[in-house]
Protein chains: 2
Amino acid sequence: MYEKYVKILKDHTLKITSPRLEILKYLDEHHTHPNVEEIYSTLKKKYPSLSRTTVYNSLEILKKNRIVQSLTISGSELRYDIDERLHHHFICTHCGAILDISISCPNMDKTIQGGHRVEEVQGYFKGVCKKCQTKEKGMNNNG
Amino acid sequence: MYEKYVKILKDHTLKITSPRLEILKYLDEHHTHPNVEEIYSTLKKKYPSLSRTTVYNSLEILKKNRIVQSLTISGSELRYDIDERLHHHFICTHCGAILDISISCPNMDKTIQGGHRVEEVQGYFKGVCKKCQTKEKGMNNNG
DNA sequence: TTCTATTTTGTAATAATTACAATTTAGTTT
DNA sequence: AAACTAAATTGTAATTATTACAAAATAGAA
């Protein structure tokens with residue numbers, strides 16, 4: 001059940017610990033780009049000794065090893081994602097949902113720009129998602 | 001001296017106030033993508049009655065009017081910029097500097113993606129800037 | 001089984017931002 | 001020019017996300 005995550009940690013010569021396995025599993029099963037609080041409060045139920053600081057620490061070490069990535073898209077908190085093939089993100093300013101945007105962009109290949117060494121590329125799109133637009137329409141029709 | 005900023009505010013039917021004029025002038029003269037604290041502490045010297053909350057409020061209203069834009073690139077604080085023609089940003093993980101990146105990208109035109117209404121596009125590049133790379137080399141040579 | 005560096009844990013601190021109520025003021029009306 | 005009012009400014013007090021730190025626990029090596 002956790003073999004997949006054990007392997008990921010082993011491949012990066014990281015120690016196999018419960019918090020790390022649980023966090024990896026959570027991110028792998030929930031591609032909603034959760035924040036620390038969501039990860040913490042969900043896992044805390046199954047694993048009561050879990051500490052919030054451990055979630056912060058674990059995510060940090062997973063990030064350093066490029067296993068997960070953090071998104072600064074919301075502006076108030078970091079959101080986390082299993083680091084898959086390069087893709088961009090859309091955040092809905094109405095409901096807060098963060099959605100994957102799979103478009104190609106010539107700049108996504110981390111090309112060096114003006115002598116700067118680019119190690120990470122993030123494309124953020126902000127607006128109103130399809131669902132929330134539908135809700136808006138409904139509200140107008142009723143009013 | 002402030003005519004330019006008075007005009008900007010008038011064009012958006014915003015009240016002409018000292019904090020707004022000072023903040024606009026500061027952003028226009030410092031394209032370093034400052035955070036609230038930098039804007040506040042600098043302006044506080046010339047304008048001692050200025051409140052930090054006012055800086056937050058003013059930036060918020062300037063942002064709503066699309067006069068300035070906020071960047072979530074740093075992950076710990078918002079950085080502000082006079083909203084010029086669309087461009088991207090690079091942040092140096094060594095020195096923290098945020099630099100403009102003027103590259104074209106087919107996705108920058110706020111095209112609707114999968115039915116979502118896109119109102120804002122931000123391209124963030126993270127890595128080590130040219131200057132810091134030079135410093136790194138110097139340090140290795142000396143060590 | 002022992003050992004040790006690493007990790008986890010909990011609490012306390014820090015930093016950015018927001019809430020809110022009182023005071024002031026820009027711009028309008030008289 | 002004086003009065004008026006909605007909006008803006010101000011200061012303080014919360015709130016929220018994150019980091020610092022030290023003690024206890026533990027993974028993996030010896």
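Here is how names work: the chains are called A, B, and so on, in the same order as the sequence lines, proteins then strands, and each is numbered from 1.
A:S18 comes within contact range of no nucleotide atom at all, as no heavy-atom separation falls under 4.0 Å. Here A:N35 lies out of heavy-atom contact (under 4.0 Å) with every strand. Within the 4.0 angstrom heavy-atom criterion, only backbone atoms of the sugar-phosphate kind lie near A:Y47; the bases stay farther away. At a threshold of 4.0 angstrom between heavy atoms, the contacts of B:T54 include nucleobase atoms, whether or not backbone atoms are also involved.
Put simply, NZ on A:K10 is 12 Å from C1' on D:dA27, counting in whole angstrom units. If you measure from atom NZ of B:K15 to atom C1' of C:dT24, you get 11 Å, rounded to the nearest angstrom. We find that CG of A:L21 is positioned 13 Å from P of C:dT7, with the value rounded to whole Å. The nearest whole Å value for the distance from the CD1 atom in A:I23 to the P atom in C:dT7 is 13 Å. One interatomic measurement links the two molecules: NZ of A:K63 to C1' of D:dT19, which rounds to 13 Å at whole-angstrom precision. C:dA16 atom P lies 11 Å from atom CZ of B:R79, rounded to whole Å. Between the CG atom of B:L9 and the P atom of D:dA8 there is a distance of 11 Å, rounded to whole Å. Whole-Å rounding puts the A:L14 CG to D:dA27 C1' distance at 12 Å.
The side chain of B:R52 contributes no N or O atom lying less than 4.0 Å from OP1 or OP2 of C:dT17. In this model, the phosphate group of C:dT9 is approached by a side-chain N or O of A:S49 to a distance below 4.0 Å at OP1 or OP2.
With hydrogens and angles disregarded, no donor-acceptor distance shorter than 3.5 Å links the side chain of A:E119 to the backbone of B:V128. With hydrogens and angles disregarded, no donor-acceptor distance shorter than 3.5 Å links the side chain of B:H94 to the backbone of B:C132.
Within a 6.0 Å radius of NZ in B:K64, no more than 12 heavy atoms belonging to other residues, nucleotides or ligands are found.
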Can you list the steps and then say if A:H12 with A:N65 is a side-chain hydrogen bond (donor to acceptor under 3.5 Å, both in side chains)? CA-CA 7 Å; A:H12 289 81; A:N65 282 270; 5.2 Å; no
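For A:S51, whose side chain is taken as the heavy atoms from C-beta onward, the closest listed nucleotide among C:dA16, C:dT9, C:dT7 is C:dT9. Distance from the side chain of B:E77 is smallest to C:dA16 among D:dT18, C:dA26, C:dA16.
Heavy-atom nearest nucleotides on DNA chain C were determined for B:V36 and for B:T17, and the one closer to the 5' end corresponds to B:V36.
Judged by distance alone, with hydrogens and angles left aside, B:T53 brings a side-chain donor or acceptor within reach of the base of D:dT12, the pair sitting under 3.5 Å. For A:S76 against C:dT17, no side-chain N or O and base N or O form a donor-acceptor pair under 3.5 Å.
Listed by first then second residue, pairs satisfying side-chain hydrogen bond (donor to acceptor under 3.5 Å, both in side chains) with a partner in residues 45-54 of chain A read A:E37-A:R52, not counting sequence neighbours.
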